[in-house]
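A quick write-up on the structure given underneath.
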Amino acid sequence: MTAVPRETRARPTVRFDVRWVIGGAWLLAAAAELTGRGGLVNHDQLIEGGVPTPVALVLFLVAWQAMVAAMMLPSALPVIRLFDRVSAAQPRARMARFAFVASYIVVWTGFGGAAFLFDTVVHATVDSSPWLLSHPFVIAGATLLVAGLFQFSPLKEACLRQCRNPGAFMLRYYRRGIGRAFVTGAWHGTFCLGCCWALMLVAFALGMANLVWMAGLMLLMTLEKRWTHGPLLARLSGVWLTLIGVMVVTQPLWA
């Protein structure tokens, strides 16, 4: 009988670990919605609730990790699996895989923090504008319009090409070592951010406890990257989001 190589025996199934993280994040989001506790870490509540901004930012980013795990990690699984395979024989492979996934999450955490801080400016602007106070749906509609129109942008397509071809991405960016693994994960996170930031902005606007929107946007972003007809789906979803945005702005009660 042929002995199983030690590297193969010891190889951790990172993809299964990631799946546990994804499942746990969805359970947390479901619990937040069912118990009504999701609003406690909603960015609107934190900003308007009198919590000091640094504390509010930390609390929001804790909840944001769950949203990133639930919505973005499913679309990144093919790249994570490929990195798992190509890095299996390198020294300290477990740490390299951890660094790869961690840097991906760091990129999205930075976006979440920037979105939160920008939202504090939006809230201050609305509070100082009687017209915006009486027309809050304009901001929601504008967010949907931005997301819909971005679906047709060259930047969206360029970043999606990187995410749709894990093999080509790995050939270009993979290097051995923990530090290089962190850099590779950051590159992938950047491309992922480049193609999905507008859709995640919609999720940000809705808060982490809206399971219907979270599931729909997660499925959309995953299919865009992994389905044969992903490019067509991206454009069709762009039309839909744009139309919904127009309706929210022009017919808020009907929408």
Side-chain angles (χ1 to χ4, degrees), residues 18 22 25 43 60-61 64-83 99-119 122 142-175 180-206 208 213-214 216-242 245:
V18 171
I22 294 170
H43 56 95
F60 168 77
L61 288 178
W64 180 254
Q65 305 308 308
M67 181 177 282
V68 170
M71 299 183 65
M72 297 313 309
L73 285 182
S75 70
L77 276 176
V79 178
I80 295 173
R81 291 170 180 167
L82 183 57
F83 187 89
F100 177 81
V101 176
S103 63
Y104 176 86
I105 294 175
V106 165
V107 171
W108 277 104
T109 300
F111 172 75
F116 182 88
L117 293 175
F118 178 74
D119 197 43
V122 173
T143 302
L144 290 166
L145 281 171
V146 168
L149 294 175
F150 185 72
Q151 293 293 92
F152 302 95
S153 71
L155 176 60
K156 167 89 176 185
E157 180 57 33
C159 291
L160 268 180
R161 281 197 298 269
Q162 296 289 334
C163 296
R164 288 177 186 142
N165 298 282
F169 169 82
M170 208 60 68
L171 282 172
R172 181 175 182 182
Y173 292 101
Y174 174 76
R175 300 292 186 276
R180 286 301 306 178
F182 190 90
V183 172
T184 303
W187 271 114
H188 181 57
T190 301
F191 288 127
C192 188
L193 177 64
C195 63
C196 298
W197 70 268
L199 294 176
M200 281 296 281
L201 195 63
V202 174
F204 170 87
L206 293 166
M208 74 167 282
W213 273 95
M214 281 180 63
L217 291 170
M218 181 274 291
L219 184 62
L220 172 59
M221 290 185 287
T222 300
L223 290 177
E224 282 182 345
K225 297 177 183 178
R226 302 175 62 176
W227 190 32
T228 304
H229 302 294
L232 176 62
L233 178 63
R235 287 166 174 74
L236 290 176
S237 64
V239 172
W240 181 76
L241 287 167
T242 301

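Hydrogens, waters and symmetry mates play no part in the numbers below; they use all other heavy atoms, side chains included.
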Could you walk me through whether F111 and V68 pass side chain to side chain contact (heavy atoms under 4.5 Å, CB included), step by step?
CA-CA 11 Å; F111 172 75; V68 170; over 6 Å; no
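In terms of modelled atom types and a separation under 3.5 Å, the side chain of Q162 and the main chain of A158 share no donor-acceptor contact. A donor-acceptor pair under 3.5 Å links the side-chain atoms of W64 to the main chain of W108, judged by distance alone. Side-chain atoms of R226 never come within 3.5 Å of backbone atoms of L77 as a donor-acceptor pair (strictly under, hydrogens ignored). Remark: the backbone N or O of V183 is not paired with any side-chain donor or acceptor of S103 at under 3.5 angstrom. Between the T222 side chain and the L219 main chain, no donor and acceptor come within less than 3.5 Å of each other.
In summary, the aromatic rings of F204 and F60 are positioned with their centroids under 6.0 Å apart. W187 has its ring centre no less than 6.0 Å from the ring centre of F169.
In this structure, the side chains of T143 and L201 come closer than 4.5 Å at one or more pairs of heavy atoms. For the pair S237/E224, a side-chain contact is recorded, criterion being any heavy-atom separation below 4.5 Å from C-beta on. By the 4.5 Å heavy-atom criterion applied to side chains, K225 and C195 are counted as neighbours. In this structure, the side chains of L145 and T242 come closer than 4.5 Å at one or more pairs of heavy atoms. The shortest side-chain heavy-atom distance between T109 and Q65 falls under the 4.5 Å cut-off. Contact of the F150 side chain with the L199 side chain is not registered, since no non-hydrogen atoms from C-beta on lie closer than 4.5 Å.
The CG atom of L233 sits 8.5 Å away from the CD atom of Q151 when rounded to the nearest 0.5 Å. Rounded to the nearest 0.5 Å, atoms OG (S75) and CG (L217) are 12.0 Å apart. Rounding to the nearest 0.5 angstrom, the gap separating the CZ atom in F191 from the SG atom in C196 is 13.0 Å. Y173 OH to H188 NE2: the interatomic distance, rounded to the nearest 0.5 Å, is 12.0 Å. Expressed to the nearest 0.5 Å, how far OG1 of T184 lies from OH of Y174 amounts to 8.0 Å. To the nearest 0.5 Å, atom OH of residue Y104 and atom CG of residue L73 are 6.0 Å apart.
Across all their heavy atoms, C192 and M72 have their closest contact at SG-CE, 3.3 Å. When all heavy atoms of G194 and C159 are compared, the pair lying nearest together is CA-SG, 3.6 Å. The heavy-atom pair separating V202 from A147 by the smallest distance is CG2-CB, 3.5 Å. Of all the heavy atoms in P78 and P166, the pair that sits closest is CB-CG, 4.1 Å. Heavy-atom minimum distance, I22 versus A69: CG1-O, 3.5 Å. Considering every non-hydrogen atom in both M221 and M200, the closest pair reads CE-SD, 3.9 Å.
The environment of F118 atom CZ is sparse: at most 12 non-hydrogen atoms of other residues, nucleotides or ligands sit within 6.0 angstrom.
Within the structure, salt bridge (charged side-chain N to carboxylate O under 4.0 Å, His left out) contacts touching residues 163-174 (residues at least two apart or in different chains) are E157-R164.
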